[in-house]
Engineer: 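Have a look at this one.
Numbered from 1 within each chain, the chains take letters A, B, ... in sequence-line order. Just so it is clear, the values below take in all heavy atoms, side chains as well, and ignore hydrogens, waters and symmetry mates.
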Protein chains: 4
Amino acid sequence: MSYRNPPPRPAQPAARPGRPRDPGKADAILSVTLSLLAEAGYDAVSMERVAARAGTSKATVYRRWPDKRALVAAAIGHQQGPPPPDVDTGSLRGDLLALCRRLAQMLGRSEGRLVVALLQGAARDPALGDLMERTAGHTGARLPDVVLRRAVARGELPATATSYAFDEVAGSALVLRALTGAPVDDPYLEHLVDAVLLPALAHGDAGPPPGPALFAGATADDDAPDTTTP
Amino acid sequence: MSYRNPPPRPAQPAARPGRPRDPGKADAILSVTLSLLAEAGYDAVSMERVAARAGTSKATVYRRWPDKRALVAAAIGHQQGPPPPDVDTGSLRGDLLALCRRLAQMLGRSEGRLVVALLQGAARDPALGDLMERTAGHTGARLPDVVLRRAVARGELPATATSYAFDEVAGSALVLRALTGAPVDDPYLEHLVDAVLLPALAHGDAGPPPGPALFAGATADDDAPDTTTP
Amino acid sequence: MSYRNPPPRPAQPAARPGRPRDPGKADAILSVTLSLLAEAGYDAVSMERVAARAGTSKATVYRRWPDKRALVAAAIGHQQGPPPPDVDTGSLRGDLLALCRRLAQMLGRSEGRLVVALLQGAARDPALGDLMERTAGHTGARLPDVVLRRAVARGELPATATSYAFDEVAGSALVLRALTGAPVDDPYLEHLVDAVLLPALAHGDAGPPPGPALFAGATADDDAPDTTTP
Amino acid sequence: MSYRNPPPRPAQPAARPGRPRDPGKADAILSVTLSLLAEAGYDAVSMERVAARAGTSKATVYRRWPDKRALVAAAIGHQQGPPPPDVDTGSLRGDLLALCRRLAQMLGRSEGRLVVALLQGAARDPALGDLMERTAGHTGARLPDVVLRRAVARGELPATATSYAFDEVAGSALVLRALTGAPVDDPYLEHLVDAVLLPALAHGDAGPPPGPALFAGATADDDAPDTTTP
DNA sequence: CCCTAAACGAGACGGTACGTCACGTCTTTGA
DNA sequence: TCAAAGACGTGACGTACCGTCTCGTTTAGGG
């Protein structure tokens, strides 16, 4: 799991010889990386600036992550807060609107700048896009199963309904509007819900979307190499 | 619109004093930029390499575009061929798939890497939004009216149908997938069309979307500085 | 004499066809060059700055002088003021002191900066040294003949005395002190006069110094190509 | 004296952390600089050429000297051989001539082109004056005491004679001639010795010159930044 | 009185060097 | 051992000149 660990990973940490790594460093480094990312974008994340602000040295950074790409990806996976409260307004339309509003707010706050920064990085370095896909935590763009099940229970959706339309569309549309600075106000959100999301969800008989979902949070049983926990 | 002599804005370009720019240079430079972009990505576009391969000097490049970002953006806007042929496969589903494929292809070519740069810039400079409009518009991000009218005529859509769902969703979803490197293959496209686009379009009674359309940049008589036509 | 004249040099200027050169330009250009030289040194003299400040174009400058070197050399020869008043204090020592004080003052004023600038240029480009030697007007470093003759008449110097010692030594010593910022005050000047100049002048039987004198003003019968009167 | 850690100034260099500078690099760089200087003059010293020929990188050069000027100045100070042998020709005149010839030779080599840069710098940075002192002092600009004493012993000079006239005059005159490119050949040197130096030295009763001696720069314990010993 | 040749301003052009910055690696000392 | 500090080679960045060139526009004077 760790990026540089010797393969077997013994059950007990096995007390490797030599001075142990300061566990606080990784945290400090990732936090600094996140700030820089949010403040001024991907290009402002320079390894020297990160090291300086984290109060450590470049070598210490490179010892943990092989390059800038990996550092940034790890930083993104690192950022998390308390899980948002459940949404339950009593109607599917209300739930969808609430979820969209929450996402829109997130994009409007500083984390939104982070999304920009990430996409910037992805534009510069395609491999970073890959990493992001595996690494990035969820952005709120998924339709929670509970919401879906409640809607089915209320008879608002057919039993065959899946969350696909929401997952794919809501995140994309809002992120892109955030990027272009287009307004994301309530009238717009209602329009999106009424004209796109509800019809699409109601259509129902969509099988599981082929391929991985956009912005799929890393699930616990993911086997992909993980650069986020050095 | 013109970057250099806004005040009187003469009908004829008014023959600025001094030696006129060699019109071939800009072309050569942009072409080289596009090749490098396609061959090896954004970071492979170095101003010196561009100048060298274009058979000119760095100064000549910088005289036209203030920095690398602007050069690359201009190069993207530069690349165009004959307007793509109308889409008419005989069915709405076929038409939608064709349009999505065309857009996906465009984004799959390395230019996709740069869409984000444009999007970012668009927040600051409306003229870039304009550029996106023209570029994306020509490549399938907009549902052509003809296609819509034919579908209505065939009875596949209600008369009240609008192009909104396609305009908003298709571009966003594909651009974002391109940016993160997620696969955009035919199964995915069919799924998108069947599970989102067709249901949403069929829903029909969507009025015009409130607020400005995505990618609807400045209008032609806007005086904003234009870095795309040096 | 003229740098670009056809060889024979006809008695009448021969009225070349075409628009004649604006005689004011050369003056303006040279003046600007001198200011820049004095203000900020040789490297601050850029052809574009000169042209801009002189209210002309680079082409007009290059039409008159082939390159920066020549322009600077010409500018130096151009600078002149009213001839300084004669020195006559009644004694050789007094005269020498007065002359030294005058020179020291000149070097301390802005013209002094010019001397620095020149030497800067000479260090960068040996050919400029050559040009300076032929071009540069006198800097006050020569011992006027009248002063010498009066001293001989008063019996303070032998009839065989020449101005050599003064010409060679006074200028060199003071210029160098100016360059290093060493103080050039009255005690120092008296010491120089008493300990070096008077003994050397009194020695007397020095023939004419071999080779051209340092800082010798261009004499009328000089055959060297002259870049100062374009 | 050290440029980087003035505050505590430990007796032993104190083993700064981090990889120590490769001591061979500075040497290689300075040697290359000197060659370029000698081969083709100041303008031929380009930082990239220096780095290339020294087998290093521009960054390594700039890490040691802040700019081209400083590099060149340091290179001059760097060039030294074994201390020149004592001068003893048997006569004062012969000794003076030998000393002048040695100085003229030094100035005639391309290093002379740069003396002016040093002189200029000396006005701003006393440490450079110091450097001049050592450099020029070793090459003949000072009249060695031995020579003076021998001349007094031979009866060629009065016991009151001092080295002042030589120190002040020889250096100045020769440096300035070198700068302007005036010829410094044997006839000229003999003339200088016979017409100026010998009479002035013979005059004798010159006390020590008031004010600081020319080229007497900062003393060794001066805290001024020192750009010559990176 | 027009014609023609040159001067003039503006600025494009190919070069070359400058000094800065970041990357990712290497090499020390000290904990 | 590893942490820390920082030197190292590479290579791009954007700026500033240099000296040359090409425009379109003036301005004399000679036919």
Side-chain angles (χ1 to χ4, degrees), chain A residues 16-22 25 43-52 55-69, chain B residues 14-23 25 43-52 54-68, chain C residues 15-22 25 43-52 55-69, chain D residues 4 14-23 25 43-52 55-69:
Chain A
R16 287 187 304 177
R19 174 172 170 180
R21 290 194 180 169
D22 181 340
K25 295 285 175 191
D43 289 326
V45 179
S46 84
M47 302 305 263
E48 358 235 341
R49 234 193 300 268
V50 166
T56 142
S57 70
K58 261 198 325 176
T60 298
V61 179
Y62 275 103
R63 210 169 283 119
R64 286 167 169 77
W65 298 276
D67 53 21
K68 177 171 165 176
R69 182 171 31 258
Chain B
R16 289 187 304 176
R19 174 174 173 179
R21 293 195 175 166
D22 181 337
K25 297 287 171 190
D43 288 322
V45 178
S46 89
M47 302 304 263
E48 1 236 339
R49 232 193 303 267
V50 165
T56 136
S57 66
K58 258 201 321 177
T60 295
V61 178
Y62 276 103
R63 211 169 282 120
R64 288 169 168 74
W65 299 278
D67 53 22
K68 181 171 159 176
Chain C
R16 288 185 305 176
R19 175 175 172 179
R21 292 194 178 168
D22 180 339
K25 297 287 172 190
D43 288 326
V45 179
S46 85
M47 301 306 262
E48 358 236 340
R49 231 192 304 265
V50 165
T56 108
S57 67
K58 260 198 325 177
T60 297
V61 178
Y62 275 102
R63 213 168 279 120
R64 287 168 168 75
W65 299 277
D67 54 21
K68 179 170 162 176
R69 185 171 28 258
Chain D
R4 295 253 171 198
R16 290 188 303 177
R19 174 173 174 178
R21 292 194 176 168
D22 181 340
K25 298 286 173 190
D43 287 322
V45 178
S46 88
M47 301 305 262
E48 1 236 340
R49 233 192 304 265
V50 166
T56 99
S57 66
K58 255 199 326 175
T60 295
V61 179
Y62 276 104
R63 210 169 283 120
R64 286 168 167 74
W65 300 276
D67 55 21
K68 181 170 161 177
R69 221 186 321 282

Engineer: For D/Thr56, which residues count as a side-chain contact (heavy atoms from CB on, under 4.5 Å) partner, sequence neighbours excluded?
Structural biologist: D/Lys25, D/Ile29, D/Ala51, D/Ala54, D/Thr60, D/Val61
Engineer: For A/Gly55, which contact category applies under a 4.0 Å heavy-atom criterion: base, sugar-phosphate, or nothing?
Structural biologist: nothing
Engineer: Can you name the residues that form a side-chain contact (heavy atoms from CB on, under 4.5 Å) with B/Arg19, not counting sequence neighbours?
Structural biologist: none
Engineer: Using a cut-off of less than 4.0 Å, is there contact between a side-chain N or O of A/Thr60 and OP1 or OP2 of F/dA4?
Structural biologist: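 Yes, such a contact exists.
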Engineer: Answer yes or no: does a side-chain N or O of A/Ser57 lie under 4.0 Å from OP1 or OP2 of F/dA4?
Structural biologist: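 For F/dA4, neither OP1 nor OP2 has a side-chain N or O of A/Ser57 closer than 4.0 Å.
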Engineer: Report the distance from atom CZ of D/Arg21 to atom C1' of E/dT29, rounded to the nearest whole Å.
Structural biologist: 17 Å
Engineer: Name all residues meeting the side-chain contact (heavy atoms from CB on, under 4.5 Å) criterion together with D/Ala59; count only those two or more places apart in sequence or in a different chain, and write none if there are none.
Structural biologist: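 D/Ala59 satisfies side-chain contact (heavy atoms from CB on, under 4.5 Å) with D/Ser57, D/Arg63 only.
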Engineer: List in chain and number order the residues that pass salt bridge (charged side-chain N to carboxylate O under 4.0 Å, His left out) with B/Asp67, two or more places apart in sequence or in another chain; answer none if no residue qualifies.
Structural biologist: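 Salt bridge (charged side-chain N to carboxylate O under 4.0 Å, His left out) list for B/Asp67, sorted by chain: empty.
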Engineer: Reading nucleotides 17-24 of chain E from the 5' end, what letters show protein touch, with B for base, S for backbone sugar-phosphate only, - for no heavy atom under 4.0 Å?
Structural biologist: SBBB-BBB
Engineer: With nearest nucleotides of DNA chain E determined for B/Lys25 and C/Asp22 from heavy-atom distances, which residue corresponds to the more 5′ nucleotide?
Structural biologist: C/Asp22
Engineer: Determine whether a donor-acceptor pair (N or O, by modelled atom type, separation under 3.5 Å) exists between the side chain of A/Lys68 and the backbone of A/Val45.
Structural biologist: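 The answer is yes, because a donor-acceptor pair under 3.5 Å joins these two groups.
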Engineer: Give me, pair by pair, the N or O atoms of the protein and of nucleotides 23-27 of chain F that are less than 3.5 Å apart, along with how far apart they are.
Structural biologist:
residue: F/dT26; atom: O2; partner: C/Arg19; partner atom: NH1; Å: 2.7

